[in-house]
Amino acid sequence: MGSSEDRYEIAFFDVETTVPTRAGVKFAILEFGSILVCPRRLEELENYSTLVRPIDLSLISSLSVRCNGITREAVTAAPSFRDIADRVYDILHGRIWAGHNILRFDCARIREAYADIGRPAPEPKGTIDSLALLTQKFGRRAGDMKMATLATYFGLGQQTHRSLDDVRMNLEVLKYCATVLFLESSLPEILTTNSWISPNAITRSRSSNEKLSPEGTSSNVNLRPASLNNGNMQTLTSTNQMMIENHPISSLVVPNREAESNQPQQDPFNMAQLTTEIMVETANSQQTDVNMDERSISVSSDLSSTGEFLEPDSVSIPFISGSFVPFIRGSKKIKLMHGDNTLQLQCARLKVRFGISTKFIDLAGRPKLNFVVDAPPSLCTVLDSCNNIVQKMTVESESNSEWRPVVNRKFCPPNNPTIRLHIPTAVCGEIAIYATEIYQKESSGSVQRLVFSKFDAAELNSLLPPGTFVDAFFSLDPYDYQQNAGVRLVAKKLIIHSD
């Protein structure tokens, strides 16, 4: 094998895997496919693909077969990953890696496979994730950013969910997108007029005297969390009209694995889903960027307008159902119902297991907030039913996204499952605030609504230390985004017990 300087080809690769059906079970590689591409002429120089026999054939469930069509019989005589490890290492090590959603999925599966056989994994010279790159540069004019959707948009046929076919389709999609962007860049005022979204539209429309930071956010707006200041909390006296922030995906082209680990983590639950109205601003004569799917919501001190919230014991499992409803520009999403009504839940005295998480951040530097609470058995029963319904519909829609169970039993004893409640962020003018109504209940029983004069995750975290009890009113929002799927629990209202 030559030095990394000699290995100039781009290695497009894809893995097909089993689909875990229970907590604690890892993915197993069923197929590996790759093409080596000349970066100067974009021609395929070499290809390799093979089915892979997992150690445990029982991991290939009917759910897995529906995703990629690879059956137990198909891989019975196939080599194990140990058998192909040398060839895969030679293809990948020291080359630029490319693929669709590889940073979140395929790269992780490769490293897991090498760890399982006790060998060091190959390392890339650089990494190009077309999911992140095209989301930022091409926008969502083609709908969601799944490979199948992009291929349909350009008339490239149906995605087969087989490794070699998928990497070749990936290359063709990149060629088409690059051509469109090249043409639009030559005459942006003309060619982008009728586009759903300009290729450069990653921020809100801005005045001509505003400058952009490299991340694409206004540099004159500082919305990073401030230090703890109890003086920020006040009693709320009015209703606010708010604009849910958009969270564009930054380009995830990184020079090496170390650089990859230093990238801000993008929130896989970033849906901005609390809305039915989408406002797309058109650019004026001096601007070519438009607003990406900003959603307008009203936050009221009275939750009656959002529908009924049911206690878990009041939910009849046979009455829970899911249906596809229109979403963004012809796409659809799943809506959970209880009878004829949207399913929303309320639970009293949920115990906080872990306080506010700031693991994921947006491009303005604000953390995407969530916290973890213990889930009582009655709530788990309802959420497990919702989880099964949505997962079945997601698989039947031919999605190959990684499924994230709504109830977490992986890191907890079986009798102590947890759920994650998300606190969406809203932007009012240039001020970031919480879109969740937050109240504090005193030991006397009196309840006071709190409002925060500025976005301060540390201050919010001080209200929700482990062991605190909260009454939670939340919606159940199924999502399938950036190759992750599940049911997101969005807190509409929280009542924090101070006793």
Side-chain angles (χ1 to χ4, degrees), residues 12-17 19 31 33 35 37 42 44 49 65-70 98-106 128-184 191-192 194-199 201 248-249 268 271 278 280 290 292-293 322-335 390-403 478-485:
F12 281 79
F13 75 98
D14 176 74
V15 296
E16 295 298 329
T17 70
V19 179
E31 187 176 44
I35 58 174
V37 174
L42 295 182
E44 181 179 326
S49 68
V65 174
R66 286 200 296 271
C67 286
N68 50 46
I70 301 175
H100 205 65
N101 196 41
I102 59 171
L103 286 179
R104 285 191 178 276
F105 190 79
D106 302 78
I128 302 171
D129 192 318
S130 59
L131 173 64
L133 183 64
L134 295 181
T135 300
Q136 182 188 26
K137 301 298 184 182
F138 194 70
R140 301 192 181 182
R141 66 184 85 185
D144 63 37
M145 300 307 293
K146 293 182 179 180
M147 183 57 59
T149 306
L150 290 164
T152 299
Y153 180 79
F154 288 115
L156 298 176
Q158 296 295 315
Q159 184 183 12
T160 64
H161 294 290
R162 298 300 298 267
S163 294
L164 195 57
D165 289 343
D166 283 3
V167 291
R168 285 172 172 158
M169 179 173 280
N170 194 177
L171 178 59
E172 291 304 306
V173 164
L174 282 171
K175 290 179 181 178
Y176 275 78
C177 288
T179 301
V180 171
L181 295 176
F182 176 77
L183 293 174
E184 288 181 347
L191 292 180
T192 63
N194 295 321
S195 296
W196 276 114
I197 187 164
S198 165
I249 302 174
M271 298 309 119
I278 302 172
V280 180
V290 296
M292 287 182 62
D293 301 336
S323 61
F324 286 100
V325 296
F327 191 41
I328 301 172
R329 297 170 188 153
S331 65
K332 294 183 178 181
K333 65 178 297 184
I334 299 171
K335 183 177 183 180
V390 176
Q391 184 178 19
K392 183 175 184 293
M393 295 178 68
T394 300
V395 171
E396 289 176 350
S397 67
E398 299 185 347
S399 168
N400 64 345
S401 295
E402 180 177 351
W403 184 260
Y479 65 90
D480 189 351
Y481 180 79
Q482 201 172 337
Q483 299 297 299
N484 291 280

Nearest heavy-atom neighbours spanning [X] and [Y]:
| X | Y | answer |
| --- | --- | --- |
| Leu164 | Ser49 | CD2-OG, 3.8 Å |
| Cys177 | Phe154 | SG-CE1, 3.6 Å |
| Met169 | Gln158 | CE-O, 3.6 Å |

Glu396 and Arg66 ion-paired at < 4.0 Å: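 Between Arg66 and Glu396 there is no salt bridge, as every charged N stays at least 4.0 Å from the carboxylate O atoms.
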Electrostatic pair Glu16:Arg162 at N-O distance under 4.0 angstrom: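 Between Arg162 and Glu16 there is no salt bridge, as every charged N stays at least 4.0 Å from the carboxylate O atoms.
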Quick check for you: to the nearest 0.5 Å, what is the distance between [X] atom [atom1] and [Y] atom [atom2]?
| X | Y | atom1 | atom2 | answer |
| --- | --- | --- | --- | --- |
| Phe13 | Asn170 | CZ | CG | 11.0 Å |
| Leu171 | Asp166 | CG | CG | 13.0 Å |
| Phe324 | Met393 | CZ | CE | 4.0 Å |
| Leu133 | His100 | CG | NE2 | 10.5 Å |
| Asp165 | Thr160 | CG | OG1 | 3.5 Å |
| Asp129 | Ile102 | CG | CD1 | 5.5 Å |

Is there a side-chain contact between [X] and [Y] (heavy atoms, below 4.5 Å)?
| X | Y | answer |
| --- | --- | --- |
| Val390 | Trp403 | yes |
| Asn484 | Phe105 | no |
| Met145 | Ser130 | no |
| Lys137 | Leu181 | yes |
| Tyr176 | Leu156 | yes |

Side chain to side chain contact (heavy atoms under 4.5 Å, CB included) for Val173 and Leu134? Distances and angles first, verdict last. CA-CA 10 Å; Val173 164; Leu134 295 181; 4.0 Å; yes
Would you check if the side chain of Lys175 reaches a backbone N or O of Leu42 as a donor-acceptor pair within less than 3.5 Å?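 Side chain of Lys175 to backbone of Leu42: a pair is present.
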Give a yes or no answer on whether the side chain of Ser163 reaches the backbone of Asp14 with a donor-acceptor pair at less than 3.5 Å.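 Yes.
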Among side-chain atoms of [X] and [Y], is any donor-acceptor pair under 3.5 angstrom?
| X | Y | answer |
| --- | --- | --- |
| Asp480 | Thr394 | no |
| Ser399 | Ser397 | no |
| Asn68 | Glu31 | no |

Is the Tyr153 ring parallel, tilted or perpendicular to the Phe138 ring (thresholds 30°, 60°)?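 Plane angle over 60°, so perpendicular.
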